[in-house]
*Asks:* 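This is the structure I have questions about; it appears just below.
As a basis for the values below, the full set of heavy atoms in this structure was taken, side chains included, without hydrogen atoms, waters or symmetry mates. For the single chain, residues carry numbers from 1 onward in sequence order. Just follow the structure's listing: the first ligand is 1, and inside any ligand the first atom is 1.
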Amino acid sequence: MFKKVLVANRGEIALRVIRACRELGIATVAVYSEADRESLHVRFADDDVCIGPAPARDSYLKISQIIAAAEITGADAIHPGYGFLAENAEFAEIVRASNIAFIGPTPAQIRAMGDKAEARRLAAEAEVPIIPGTPGPVADIEEALPAAQRLGYPVIIKAAAGGGGKGMRVANDEDEFARHFALARGEALAAFGSDAVYLEKYLEKPRHVEIQILGDEHGHVVHLCERDCSVQRRHQKLIEEAPSPAMTPELRAAMGAAAVKLASRIGYVGAGTMEFLLNGDRSFYFMEMNTRIQVEHPVTEMTTGWDLVKEQIRIAAGEPLTVPAQGFQLRGHAIECRVNAEDASRNFQPSPGTITVFHPPGGPGVRLDTHIYAGYTVPPYYDSLIAKLIVHGNCRAEALARMHQALDGFIIEGITTTIPFLSRVIQHPAFQAGDVDTRFLERERHLLGEAEA
Ligand code: ADP
């Protein structure tokens, strides 16, 4: 097993990884930017190294600085968390070349799945259903326009290298398509350094349902059932739950088998997520794979009892999976709300600043993954996620009631947060009934902020 793990991340996920290491008896190294000196991950780790100024490109994305920090502190493994360098194949390569273990899949796996068009091709090869679309990137508008017509509007233009809900544009007709195609390519180039885009049919009312995968170096791949992440704003997840209210045992078996088949085909090693869109008629389509731990992993942990981060570390150390292929029981229901330092009534504008009052919620079945505390200043430089509130109950109704009271009892003052917005969403009759799709918030605009204005 590793002796010392460097966590190449910040915020709640850095703390999450540090806690898992502690349980495994592994020492930890925190890296931090000048803006994160007062961060809890720095205090909780055994060692810490400042890796540069506040902007992520000068610190959390600076590969040379991170490798140097690992070498100086004698770390024998690096956990990338999510975001930042987590899906950067070059980073994984350099880590390995420096004789440090990368807690994640191989660079080739990151590369293959990081290119969404290539991932689609691999899925099709494995006979996993994919959303109707172009077989690969489309070169120009002359090629794209007839392809869009063949698919039938609406279509979605997606950056092959995209992620985080960015680099996607929906076109409802030919006029819109020509405009959005140029915009999408420009955005893709600016955000991801590549203007390769491909087209998919835009499904009208799908649910986002994803399967958690674990694979080890000994050829085992298992899935730990699904998460439903249908509550989204601008293609970004806000609330996730497990199991999916739309799931049946047959559908779970079919989606699980498809996910395992695709992961096995590439000999996947580590934790990963196969994302699918699920239609009302129970047809499902592979959308993409994320080759890292996900923000929403706790709902799987709460319902399966398995610690996914500890599993990631064990797998990277060459140990065989401890999760049985079959034979674990799903227990109850879990819901996660992403709490952001944002003002929902002002178009979710970030609201950085100093937290003056902090009262976390508690009680049975309540878990809070966060790095904030009273007196902490949320810096303006990074993602505005400040806490993940996760509840577990014996059934969905109990989990809903727990989430309601937990959000009510969660007090953060000094900055504006999305807690009131989340509370409105979970009380909405459609969410209560488990009857939402990815465009739920688009339709229910009043939930976004009027009550707070
Ligand atoms: P990212 O990697 O940026 O998160 P994804 O490909 O995972 O992008 O898509 C994010 C979200 O965008 C999905 O959960 C879904 O809501 C929406 N989406 C993506 N592709 C389609 C599609 N073909 N039809 C309908 N919605 C889509």
Side-chain angles (χ1 to χ4, degrees), residues 82-84 86-88 110 112-124 128-135 137-138 144 147-148 150-172 177 180 184 187-188 190-192 194 196-212 226-241 244 246 255 259 262 272-281 283-297 338 383 385 436-444:
Y82 54 69
F84 296 127
E87 287 176 291
N88 183 317
I110 298 175
M113 289 300 171
D115 180 337
K116 291 183 175 192
E118 171 68 2
R120 265 168 69 80
R121 201 187 56 74
L122 288 168
V128 170
I130 55 171
I131 301 166
T134 55
V138 279
R150 273 195 300 278
L151 288 171
Y153 294 101
V155 299
I156 183 164
I157 309 158
K158 286 190 176 182
K166 297 191 192 82
M168 289 185 297
R169 278 187 171 254
V170 180
N172 290 299
F177 185 81
H180 286 191
E187 282 166 8
F192 309 110
S194 153
V197 297
Y198 65 100
L199 311 182
E200 272 176 7
K201 175 90 188 153
Y202 188 62
L203 305 183
E204 296 281 1
K205 277 182 96 180
R207 297 183 79 109
H208 173 119
V209 178
E210 59 188 32
I211 302 280
Q212 175 69 50
E226 80 283 358
R227 294 183 285 261
D228 192 313
C229 318
S230 299
V231 178
Q232 302 182 349
R233 176 177 169 269
R234 300 193 174 163
H235 307 307
Q236 300 208 36
K237 301 162 187 168
L238 294 174
I239 300 177
E240 303 95 353
E241 60 183 306
S244 166
M255 288 181 91
L262 181 50
T273 299
M274 301 286 180
E275 297 192 334
F276 296 93
L277 289 181
L278 173 66
N279 272 328
D281 64 2
S283 56
F284 62 86
Y285 301 96
F286 170 79
M287 190 163 49
E288 66 158 346
M289 179 178 191
N290 289 318
T291 53
R292 54 167 165 80
I293 195 80
Q294 306 255 115
V295 175
E296 60 272 24
H297 76 274
R338 300 188 186 195
D383 190 274
L385 181 75
V436 294
D437 57 79
T438 57
R439 299 174 78 182
F440 164 64
L441 289 180
E442 217 177 287
R443 289 189 302 272
E444 303 291 330

*Asks:* Is it true that a side-chain atom of Arg207 and a backbone atom of Val436 form a donor plus acceptor pair closer than 3.5 Å?
*Replies:* yes
*Asks:* Identify whether the distance between the nearest side-chain nitrogen and carboxylate oxygen of Lys158 and Glu288 falls below 4.0 Å.
*Replies:* no
*Asks:* Verify whether one side chain among Arg234 and Gln232 offers a donor that lies under 3.5 Å from an acceptor in the other.
*Replies:* no
*Asks:* I'd like the residue list for ligand 1, meaning every protein residue with a non-hydrogen atom under 4.0 Å from the ligand.
*Replies:* Lys116, Ile131, Ile156, Lys158, Gly163, Gly164, Gly165, Lys166, Met168, Glu200, Lys201, Tyr202, Leu203, His208, Gln232, His235, Glu275, Leu277, Met287, Glu288, Thr438
*Asks:* Strictly distance-based, threshold 3.5 Å: is any side-chain N or O of Asn290 a donor or acceptor partner for the main-chain N or O of Arg292?
*Replies:* no
*Asks:* Tell me the closest heavy-atom pair linking Tyr153 and Asn172, and the distance in Å.
*Replies:* CB-O, 3.1 Å
*Asks:* Does any N or O in the side chain of His208 come within less than 3.5 Å of the main-chain N or O of Glu275, such that one atom is a donor and the other an acceptor?
*Replies:* no
